[in-house]
Structures are given as structure tokens and as C-alpha cells.
Number of protein chains: 2
Amino acid sequence: MKCHHHGNHNGEFELCVSKVPIFNHLNQEEMKEIASLIQSKTFKKGEVIFSANSSINELFIIHTGRVKIYRLSESGREQILRVLEAKEFMGELTLFNESLTQNYAEATEKTEICVIQKLDLQKLIEKKPSIALRILEEFSRRLTNADQLIQQLGSADVETRLASVIIDLSNKQISRTVTLPMSKRDLASLIGTTQETISRKLSTFQEHGWIKQTGQRVITILNMEQLISFTEGKK
Amino acid sequence: MKCHHHGNHNGEFELCVSKVPIFNHLNQEEMKEIASLIQSKTFKKGEVIFSANSSINELFIIHTGRVKIYRLSESGREQILRVLEAKEFMGELTLFNESLTQNYAEATEKTEICVIQKLDLQKLIEKKPSIALRILEEFSRRLTNADQLIQQLGSADVETRLASVIIDLSNKQISRTVTLPMSKRDLASLIGTTQETISRKLSTFQEHGWIKQTGQRVITILNMEQLISFTEGKK
DNA sequence: CGCGCTATTGAATTGTTTCAATTTAGGTGG
DNA sequence: CCACCTAAATTGAAACAATTCAATAGCGCG
């Protein structure tokens, strides 16, 4: 695990602190104090940020880039749990739960991360309980997303799950032309299938004229209604 | 939705408050105050406590009994997300996330619930931020459980998932003779399969002499090593 | 511009579901 | 406490969706 420690030119850290939802409601003074506690690290695509069976003593806040959080089953199969982007944080589970993590975190592209020590964060929360409320909001959101994924993995077929992620991405990117935030292999891992199956299903969607694929990561939705109808029960 | 409102003989509510992890660290005075804000409701087996597409304005704390939290897909398939027991709470998602819930909650046996209004709880948290920390701990635990379920649903076959829940129950109940906390139909819904498949797999386990089934809900583990080996990659 | 990683396609196999028919368990009321 | 009756669970056989392995194609990074 290679990582590059930057010097202490605080402007950068303040930027990081002032943007993230868990801190951005605080005043200038308070944010400056937090910025002084923060370290910056950079990870290259493919670098592992933390691994299963380790105890994590810091909170990682993503400044730029993307990180996939996943688990490995004993048979070696990777299951992505979520993909984190700028302003989101990770390492939180061992903050309130002393045990070892079972998750892996890996940068899927060049990623800059702000790091704050667990103990420093705990002191901050004691001083400013509003931070805990922000974390609660984020946990709520994650739990809702996890519940959604559980439902899909447990009771929808691959076609439906695939249509569902495409629609979600289209809503998030506010466009009918969607850029996948990850490789198709990772997309397969997220929705609990294989890259081959994803490939086949997307080809089927395209043959029917519901989507158009451009390059490896761009999908244009041509028939939104059809995709939505998948998520609303099978014909 | 029938429910029986009890009178205000506070002893009962104090019992409820003094036992649940989110409040039991407070002092006698504080717990008494909280008890005064609580209402009690009783649900019969099969009664729905809340439904999807409703906004929930209270936190429900289970006093006795069991509640399944689930979603319905548009095709009508039920996916259980988790089963809550005494001392656990529900309704929390709309507390920190103003949107409508997509979950259903249904009592799977006679269940007594303590109800506290969202607004009252928010005031309590402001006064005693330590409550928020307790909720964070519980959210952490739930997120970890959800992640576990996602991994299993996404990358393990039914045999493995089934072996896994049996082992988990055995650990939780600290016994090799496990009593299922739900019907096999619900167990199927939890691990994303059908009651028929569960039935077949358990029969296979029994034929091999790895378990013994007694009645509808009791399973005795005869060969723990074999079950564990399922969760550690396929033979 | 070329190499390597990513994606595609084919064909055989497998695990799981579905639907329908029985059997069994266990709570309820007499 | 026993017999009943309903809900729960089991079993069979056919149909299907998805995976696996292997071989090929193609995008895009350096």
C-alpha cells in the first residue's frame, strides 16, 4: 500500500473539510481546527486503502476519485457493497463498533483522501454533537441503499437489477446518456452477477432498441418506459 | 390495524425504557422522563405495524415479541430485510431522512411495542446527545448485518446461505440445537429463496447426517464442521 | 501505435424455481 | 386431553435463468 503524504499547506484540507456534509455546517473557526487534524493521502487506481481483518483507526473522507467497498467470499468471489465518491466517508464502522472490519476498500481511479484519526473525531463529536447527527443521516441513507440492494439481490432477476441500476444512474446524472462510474466487471460484482451475463443482457437491451452502447462505459437510454417496466414486475 | 392502548401505569414503560440500549445508560430521573413520553401498543401475529409509502412519525421499540421488516417487489415477492426482537427499534429511517419508507413491518407473533413520537425523541437527543451515539452504534451493527446479507445474496449459493444462518443462530443461541425465530417460509424470504428449496436443502443436510430436524422449527446440528466448510468455499 | 485489460460471444451444464399434489405439524375448540 | 382443521412444510418433475469455461474481439492507456 503506497501512499503519498502531502505537506501542511492547509488550504487544501480546508477545502476538503468545508465541502463534506459531516462538517460543512460548522463555522469557519471550527472548520479550521478540524483542518489542522487532517492528513492527505493519494491512492492510484487499483491500490487497496484498507483490507478485511484489520482494525481501522481513522475516518477516510474522499476528496476526489472513487473507492469501491467490497467483500471477498472464501471462494474468492468479490461482492461490491457500495461505491463511494467525493465527499463520502469510509472506515466508519469500526468507529462505533470496536470489531475488525470485513470489508475491503480499493481506489478504482486516482483518489485523494483526507484522513482523520478516530480519537480526534471522537473528541470533535463530544464537542460538537451535531457532527453525530450528520453521520446518522449518512448512515440512514446507506442503510436505505443497502436495503434496496438486498431486495434486488434477493428477489429480482438479473435483467431487472440491471435495468434498475441504469435508471438510478440516469436519475443521478440527470441525463438519458449515462456514464458508468465503474467497469462492467465491477457493475457485475455490484449487482451479484458475472461480466458475461451483463454483456449478454445489455446486448439484448440494445437489440430490442431500448438502449445504445457507446465505447465501454457509455449507455444511452432510448426507451425509458421499457426499462422502467422491468422494475415494475415481469410481463 | 387493530391496537390496544394501555393506561398510564408507568411501571411498564419504565421497564421498557430501562432495558433498551439506546436509553439504559441514562440515570433514573431521565428514564422516568422518557417513560412519561411513551405509549404502549400490542399487535397480534400477522398484524402490520407500518407499510411502505407512509411517513413514520414515531420510533417503535419492541418490548416483547418479534417483527419482520420486509419489502415487496412490484411482482409481489416479499424480501425480508431483518427480523427485530426485544429491545430493538424501528421507524428510525424517517427520523434522519425525511422521505417515505419503502419497508413494511409486521408482527410475526404477539408483540408489545413502546412508541415514542419523533419530535419527542428529537428533543431528547438535543438534551442528551449520548442517545445519538447509541443509535449510531445500532446503525453500525445493522449496516454490518446488511453488508453480510448483500455478500451472501450476491455471491453464495442457497446451500451456503442456509448453512450460514444456521451457524449464526447456533452462535446467537449458544447451542447446537437451534430454534428458528421464524417460519421456514420467512427464512426462505430472508435468504432470498423459496420454501421448497429450503425444504429440499434441509432434507439433504439431514440425509447426510449433518443436522436433525425436530418439528417445524427445531434443528440440531450434528456436524458443525461440515456446515462451516460450506461457508468456507465449495468442495 | 501496440499491448494489455476489458468486454463479447458460444455452447454445455448446473442450480434454482415453478406449479401441483401430498403430507405433516401444531394450535384451537370441544 | 384428544380430534380436528388449517397453515406449514415436503416432494416430484419439468422448465428456466444464469454460470462456467474457453475462445475471440476491441477499446483505450501509455
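Every chain is numbered from 1, with letters handed out A, B, ... down the list of sequences.
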Checklist entry - Which nucleotide, C:dT16, C:dT18, D:dT10, lies nearest any side-chain atom of B:T193? => result C:dT16
Item to check | Nearest-nucleotide pick for A:D157, side chain only, options being C:dG15, C:dA7, D:dA18 | outcome: D:dA18
Next on the checklist: Does D:dA17 have OP1 or OP2 under 4.0 Å away from a side-chain N or O of A:K201?
Outcome noted: no
Checklist outcome for this item: Atom CZ of A:R200 and atom P of C:dG10 are separated, to the nearest Å, by 9 Å
Checklist outcome for this item: Against the side chain of A:R185, the closest entry in C:dG10, C:dG15, C:dT6 is C:dT6
Next on the checklist: Does a side-chain N or O of A:S203 approach OP1 or OP2 of C:dT9 to a distance below 4.0 Å, or not?
Outcome noted: yes
Next on the checklist: side-chain hydrogen bond (donor to acceptor under 3.5 Å, both in side chains), that's the test. Do A:S73 and A:Q79 meet it? Break it down for me.
Outcome noted: CA-CA 8 Å; A:S73 60; A:Q79 175 66 46; over 6 Å; no
Item to check | Comparing A:Q216 and A:R77 on DNA chain D - which has the more 5′ nearest nucleotide | outcome: A:R77
Next on the checklist: By nearest atom, which of the nucleotides C:dT6, C:dT17, C:dT9 is closest to the B:T194 side chain?
Outcome noted: C:dT17
Checklist entry - With a non-hydrogen cut-off below 4.0 angstrom, is B:G46 in contact with a base, only sugar-phosphate, or nothing? => result nothing
Item to check | Per B:S199 side chain, nearest of listed nucleotides C:dT6, D:dT11, C:dT8 | outcome: D:dT11
Checklist entry - Is it true that a side-chain atom of B:R77 and a backbone atom of A:A156 form a donor plus acceptor pair closer than 3.5 Å? => result no
Next on the checklist: Tell me whether the side-chain N/O atoms of A:T197 come closer than 4.0 Å to OP1 or OP2 in D:dA18.
Outcome noted: no
Next on the checklist: Which nucleotide wins on minimum distance to the side chain of A:V158, given the candidates D:dA22, C:dT18, D:dA18?
Outcome noted: D:dA18
Next on the checklist: Here's a test for you: under salt bridge (charged side-chain N to carboxylate O under 4.0 Å, His left out), which of A:K45, A:R66, A:R217 qualifies with A:E109?
Outcome noted: A:R66
Next on the checklist: Does the Lys NZ or Arg CZ of B:R142 fall within the cation-pi geometry relative to B:F89 - under 6.0 Å from the ring centre and within 45° of the axis?
Outcome noted: yes
Checklist entry - Between B:Q213 (CD) and C:dT23 (P), how many Å, whole number? => result 18 Å
Checklist entry - CZ of A:R217 versus C1' of C:dC5: gap in Å, rounded? => result 12 Å
Item to check | Which residue lies more 5' along DNA chain D, comparing A:G192 with B:M182 via nearest heavy atoms | outcome: B:M182
Checklist entry - In whole angstroms, how far is the C1' atom of D:dA8 from the CG atom of B:L187? => result 13 Å
Checklist entry - So does B:K184 get a side-chain nitrogen or oxygen closer than 4.0 Å to the phosphate oxygens (OP1/OP2) of D:dT10? => result yes
Checklist outcome for this item: Rounded to whole Å, CD of B:Q195 lies from P of D:dA7 at a distance of 13 Å
Next on the checklist: I need the CD-C1' distance between B:E78 and C:dT17, as an integer number of Å.
Outcome noted: 17 Å
Checklist entry - Roughly, in whole Å, what's the span from CD1 in B:I198 to C1' in C:dT18? => result 16 Å
Next on the checklist: Within the 4.5 Å heavy-atom criterion, are A:K68 and A:D186 side-chain neighbours or not?
Outcome noted: yes
Item to check | Nucleotide C:dT16, atom P - distance to CD of B:E196 in whole Å | outcome: 14 Å
Next on the checklist: Run the ring-ring contact (aromatic ring centres under 6.0 Å, His included) test against B:F205 and tell me which residues pass, sequence neighbours left out.
Outcome noted: B:W210, B:F230
